[in-house]
Amino acid sequence: MLQISLPDGTIVSHPEDATPLSVAESIGSRLAKAVIAAKVGDKIVDATFPLRNFSGPTPIPLRLLTDRDPEALDVLRHSCAHVMARAVMRLYPDVSLAFGPTINNGYYYDFFLPHKLSEEDFPRIEQEMAAIIQKGEPFEQFSLPREDAMALCQDMNQLLKVEHIETGLSSHESLGFYRQGEFVDLCRGPHIPDAGRIKAFKLMSVAGSHWKGEVNGPHLQRLYGTAWFQPKDMQAYLEQLEEAKKRDHRVIGKKLGLFQITPDVGQGMCLWMPKGARIRSLLEDFLRREMLKRGYEPVYSPHLGRVELYETSGHFPYYRDSQFPPLFVHDAGALVDAWCRRLNEEEGLNAAQESHFLQAAEILGFDSAHYRKVLSKEEKLASLNEWQRQHERFLVKPMNCPHHAQIFKAQPRSYRNLPLRLFEFGTVYRYEQTGELNGMLRVRGLTQDDAHIFCTSDQVEQEFRSTIDLTRFVLESVGLEDYRVQLSLRDPKSDKYVGSEENWQKAEAALRKVLEESGLNYTSAEGEAAFYGPKADFMVRDCIGRQWQLGTVQLDYNLPERFQLEYTGADNKPHRPVMIHRAPFGSMERFVGMLTEHFAGAFPMWLAPEQIRICPLSEKTNDYAMELERRFTEAGFRVTTDLRGAKVQAKIRDAQLELIPYMAVVGPREAETETIALRDRIEGEVGTKPVAEILAMLQEEVSTRRIRQTATRSAPQAEEPLQTTSHEY
RNA sequence: GCUGCUGUAGCUCAGUCGGUAGAGCACUUCCUUGGUAAGGAAGAGGUCAUGGGUUCAAGUCCCAUCAGCAGCUCCA
C-alpha cells in the first residue's frame, strides 16, 4: 500500500497502482471528473501518473489540480500546443516539430515548415483544432529506451527531435512521448487527461524564431496561441490586451504631441515635443531637487570622449558593435582602423591587399615610413596602433561612468570627503540593433538620470540604503507603489568576477542587510550579478499588471581598478574606492514612455503638460478668460485658453480628449462674480467657486503630487506571471 | 542583425480586374455668441515612403533601399 498525504493533512492508504485520478475517485466522482493533473511533491504530473514512481518522502505529498489551479492552466496550455501542432501537421505537409512550451497567458510551438504561415491560415488551423478538441481523445504517455526513441523520431521524420535527442538529451536513458490519436510527440509532459478540457483557445500571432536560439541555425516559424478553462477568462484576457494596446505610448505620444521619432532624424532618435519635454523636465527638476537634498553634486560631461578613455574602462572594443563608430580626426583614421581589424583577423591580409591599404592610406596623408620598416604582423599592428594613438579618435559617449571616474581622479581625494556623489542627466548613444528599437522604450540616444557614488567599502551599506530610499521615494511619487527588488548576486562557483573575495562578501551581505531592513519585497538571483559587482534592480508593476525593469543600483569594483582611482585614508595610505552606479528612472525616454502607458496619457496634475484649459462661453467673456489665464500662469500653473469661436461643448470635448485635468468654464455670470465653473476631467462639473479658492485647491493637488487616477477604467489585473515552463526535455 | 508583415493628406483609413486619388477628423476663412463631450458653410491640403523595372498604361505587379510593426537574437 502507498501512504499518501493530502493538502488538508490527512494521510490515506491506496493500492500500489494508485494514480492521482484513482485517489480523486476515492474522494468523489465529481472531483475525479474535475482533475486535470496533480502535484506530487514539487513536480506536476499527469492525472494518470503511477504514484509508486514518485521518488521522495513518504507519505507521498499529493495535491490534485483542477481548473481552479494556475498550475493546471499551464498544463492545459501545453496540451493545446500539442493540439495546435497536430492540426498544423494535418493541414501542411513536411512539418518538423521543434519546441512548444507555455509562456505567460499562452503557449507557442515552433515549426520547421516550407509553407509560410500567415494570419490568413489561422481560421483553418483553429477549425482543425476545434475538431480535435471536439473529439476529445486522451493524451497517452509512454516511454522508450533511447535508441528506440531515436528510431521512432526517425520514422516520423522528426529530424529536429532526433537532433535534440542526440545533443541536448545525450544523458537520458529513456525518453517520454505523448500520443493523442495519430499525433505522437517527444515530450516530458504533463498533459490534461483529454483534449476536451480545452474550453477556449485562440491563435494569436506567427513570427520567426531560431532553432535553439542560434541565429545561424534553421529558421523556424513560431505560432502563438492562448488557451483557457473558461471562455470568459479568455474574453477578459483579450480585453486586457486591447486595453494595453490603447495605452501604447507610441500611439498616445503621437496623439498628445509628447514625442516623435522621424526617419529624417534617424531611427531610435526621439524628438521631445513641447508637451513631452514638459513632463520630462518636471521629472528631472523633481529628481534634481531630491538629489541636492541628499548630498549629490551636479556635474556635466561632454558627449564625446577619446577612444582611449573607453579602452581604459574596458568598453571599447568590447561593445564596439553596439556603439556608434568612432570619429576620426585624421582622414586616414577610418582606413587605418579597418586595416588593423583586417590584420587582426585570422586570415590576415595578403600582400596585394596590404599594398592597397598602404597606398590608400598614403593618399590620405598616412606617414608610412615606420610601417614599411617592420616585418612581423605584431610589429605592423603595433605601428598602426601607435599611429592611432597619435591621431585623435573620439567615441560618441556610450555611458557616463568613465567621465565621472575622471572627475574623481582629477584631484587628490581624502577619506574625509567621501562619499563623493556625482550626478548628471547624461545623454548617451548606443547603436542598438534595428530590431531592438521600440518607441521610447528602446532608443539609440537616451538620457540616463545617472549618478556615481565613490565611497569606502565601509560606506557601501549606508550609501546603498540611501539610494534604495531615493528610488522608492521617486517611484512612489509617480504612483508606482507595486514593485519588488531583484538582488543579483555572484555565482560562488564561478571565477569570472573582479574584486576581492572579502569585498564581495562584505558587499553582498550589506545589500542583503539593507533590503531585509527595508521591508521591501525582494528576491535574490545567484549568478545574475555583473562581473564587476552585485546589483539591485527595481521591477515595477504598472496599473494593468505589466512588469517593467526601471531603477537600478550597481556596485562596481572594476572601474576604480581600471582607472586606478585612489583616496587617502586615515592611515595616510592610498586606498581604492568603491563605485556605485545608480539610476532611479533608468532613462528619461524609457521612464516617460512607461509612465505614458501607466497613466494611459492622463498624467496627474503635477506632471500634466497642460493642467487647466480655460473655456470662455463666447467671445464676450474672452477678456475675463485672458485675465484668468494671467492669474493662473502667475500662480505657476500650465494653462491655455480656448478662444475659438466654437461652442463650449466642443471646447470641453477637446479638452477632455486631450486629458487635461481641469477645465475652467467661464461666462458672464463668472466674470461678474470673479468665479469659475470648474470641471474636473474625471468627475465632471465640480461647481462654481471663487478664483482664489480654486487656485488654493489646485495648488495643493500639485504640491502633494496627488495621483487621482491611473486606469481609465478598472482593467483586469493580469495574474502573477508564471515562469515560462518547459515541457520539453 | 535574422524571419514575417506593413508603408496612400497632419491623423485614422477606403481605393474593385493595372486605366491617371477618395472619406471622416484636424487645419484656414466666413457665418453662428452659446452653460459642461462634436453648430453650419466654403476652402486648402497628396511626385501614393524612395529608387529602379515590367507594361500602351503602375497607388495597384516585380526588384532594391529606407522606415514602421510582431517575434527571435542582443542590452555596458
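Chain identifiers are assigned alphabetically (A, B, ...) following the order of the sequence lines, protein sequences preceding nucleic acid strands; residue numbering begins at 1 within each chain.
Exactly one of A:H249, A:R250, A:K254 qualifies for a side-chain contact (heavy atoms from CB on, under 4.5 Å) with A:F259. That residue is A:H249.
Counting any heavy atom pair closer than 4.0 Å across all strands shown, A:G645 reaches a base atom. Heavy atoms of A:N438 sit under 4.0 angstrom from primed sugar atoms or phosphate atoms, though from no base atom. Using a 4.0 Å heavy-atom cutoff across all strands shown, A:Q649 reaches sugar-phosphate atoms only and no base atom.
The phosphate of B:A67 (OP1 or OP2) has a side-chain N or O of A:Q267 nearer than 4.0 angstrom.
Under 4.0 Å is where a charged nitrogen must lie from a carboxylate oxygen, and between A:R320 and A:D337 at least one such pair does. A:E610 and A:R681 are not joined by a salt bridge, as no carboxylate oxygen comes within less than 4.0 angstrom of a charged side-chain nitrogen. Classification of A:D537 and A:K535 as a salt-bridged pair holds, one side-chain N sitting under 4.0 Å from a carboxylate O.
When each of B:G1, B:U12, B:G34 is scored by its nearest atom to the side-chain atoms of A:K254, the top-ranked nucleotide is B:U12. Comparing atom distances between the A:R250 side chain and each of B:U32, B:A70, B:G35 picks out B:A70 as nearest. Distances were taken from every side-chain heavy atom of A:P668 (C-beta onward) to each of B:C72, B:U12, B:G35; the shortest belongs to B:G35.
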Steps toward ring-ring contact (aromatic ring centres under 6.0 Å, His included) verdict (A:F637, A:F632): CA-CA 5 Å; A:F637 287 103; A:F632 274 114; 5.8 Å; yes
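Residue-nucleotide stacking is present for A:Y319 and B:A76, judged by a side-chain ring centre under 5.5 Å from the six-membered base ring centre and planes under 30° apart.
Under 3.5 Å, the side chain of A:E436 and the base of B:U73 form at least one donor-acceptor pair of N or O atoms. A donor-acceptor contact under 3.5 Å is formed by the side chain of A:R442 with the base of B:C75.
With a 3.5 Å limit on both pairing distances and Watson-Crick or G-U wobble geometry required, the stems of 3 or more pairs in RNA chain B span B:1-7 with B:66-72, B:10-13 with B:22-25, B:27-31 with B:39-43, B:49-53 with B:61-65.
By the 6.0 Å contact criterion, CD on A:E345 is enclosed, its count of non-hydrogen atoms from other residues, nucleotides or ligands being greater than 12.
Non-hydrogen atoms lying under 4.0 Å from RNA chain B are contributed by A:R430, A:Q433, A:T434, A:G435, all within residues 425-435 of chain A.
Counting only residues at least two apart or on different chains, the side-chain hydrogen bond (donor to acceptor under 3.5 Å, both in side chains) pairs with a member in residues 429-440 of chain A are A:E432-A:R442.
Straight-line distance between the C1' atoms of B:C56 and B:U65: roughly 29 Å, to the nearest whole Å.
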